[in-house]
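Here is the structure we will look at.
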Amino acid sequence: RVIVGSFKNVDAAEALAKKINSEDSSFHAFVGRKAPCNDYFAVVVSRYVPIIEAKRIQSRVRKLNFVEDAYLSPYEDR
């Protein structure tokens with residue numbers, strides 16, 4: 001999965017997902033569930049996909065001027 005942000009506040013996470021979708025709805029950004037190991041809500045822009053496809057999505061989303069960074073997560077259940 002490609003993660004573009006994580007927030008302790010779910011409203012902040014939802015705001016980023018909404019902003020991404022308004023800029024490019026093909027990302028289908030959504031707020032994922034918190035991982036068992038932390039208290040953050042991840043903003044996700046892909047389903048669980050092969051690494052090659054995830055890297056392409058990561059490159060595309062980094063081009064949005066308000067996305068500070070995007071990273072790949074092996075955690076499927078988000």
Side-chain angles (χ1 to χ4, degrees):
R1 297 207 175 220
V2 181
I3 311 297
V4 294
S6 55
F7 302 86
K8 283 194 171 188
N9 180 307
V10 70
D11 293 331
E14 288 172 352
L16 179 58
K18 183 177 179 179
K19 187 171 185 178
I20 290 168
N21 288 332
S22 69
E23 184 77 19
D24 185 338
S25 62
S26 71
F27 285 119
H28 305 288
F30 65 95
V31 177
R33 291 183 291 202
K34 292 191 284 188
C37 59
N38 69 49
D39 290 330
Y40 290 84
F41 293 95
V43 180
V44 183
V45 293
S46 73
R47 63 190 189 289
Y48 197 73
V49 295
I51 189 75
I52 299 295
E53 186 177 346
K55 286 183 177 183
R56 279 192 288 250
I57 295 166
Q58 180 184 34
S59 177
R60 281 184 49 229
V61 77
R62 282 181 169 164
K63 293 176 183 174
L64 297 176
N65 64 2
F66 53 85
V67 171
E68 293 181 24
D69 196 16
Y71 65 92
L72 305 181
S73 172
Y75 186 64
E76 288 185 59
D77 191 26
R78 275 206 150 144

Under a 4.5 Å side-chain heavy-atom rule over Ile, Leu, Val, Met, Phe, Trp and Tyr, are [X] and [Y] clustered together?
X	Y	value
Phe27	Ile51	yes
Tyr48	Ile3	no
Tyr71	Phe30	yes

Considering all heavy atoms of both residues, which atom of [X] and which atom of [Y] are nearest to each other, and what is their separation?
X	Y	value
Ala12	Phe7	CB-CD2, 3.7 Å
Leu64	Glu23	CD2-CG, 3.3 Å
Ala54	Val2	O-CG2, 3.4 Å
Val4	Ala70	CG1-CB, 4.0 Å
Ala29	Ala17	CB-O, 3.7 Å
Phe41	Gly32	CD2-O, 3.9 Å

Partners passing side chain to side chain donor-acceptor pair (under 3.5 Å) against Ser26 (at least two apart in sequence or in another chain):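 For Ser26 the side chain to side chain donor-acceptor pair (under 3.5 Å) partners, ignoring immediate neighbours, are Asp24, Arg60.
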Asp69: what forms a side chain to side chain donor-acceptor pair (under 3.5 Å) with it, not counting sequence neighbours?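 Only Arg62 meet the side chain to side chain donor-acceptor pair (under 3.5 Å) criterion with Asp69.
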If I take atom [atom1] from residue [X] and atom [atom2] from residue [Y], how far apart are they, to the nearest 0.5 angstrom?
X	Y	atom1	atom2	value
Ile57	Arg47	CD1	CZ	7.0 Å
His28	Ile20	NE2	CD1	13.0 Å
Tyr40	Lys34	OH	NZ	11.0 Å

Looking at side-chain heavy atoms only, is the closest gap between Phe66 and Leu16 below 4.5 Å?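 The answer is yes; the side chains approach within 4.5 Å.
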State whether the side chain of Ser59 and the backbone N or O of Arg56 hold a donor-acceptor pair below 3.5 Å, judged by distance alone.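 Checked: no pair found.
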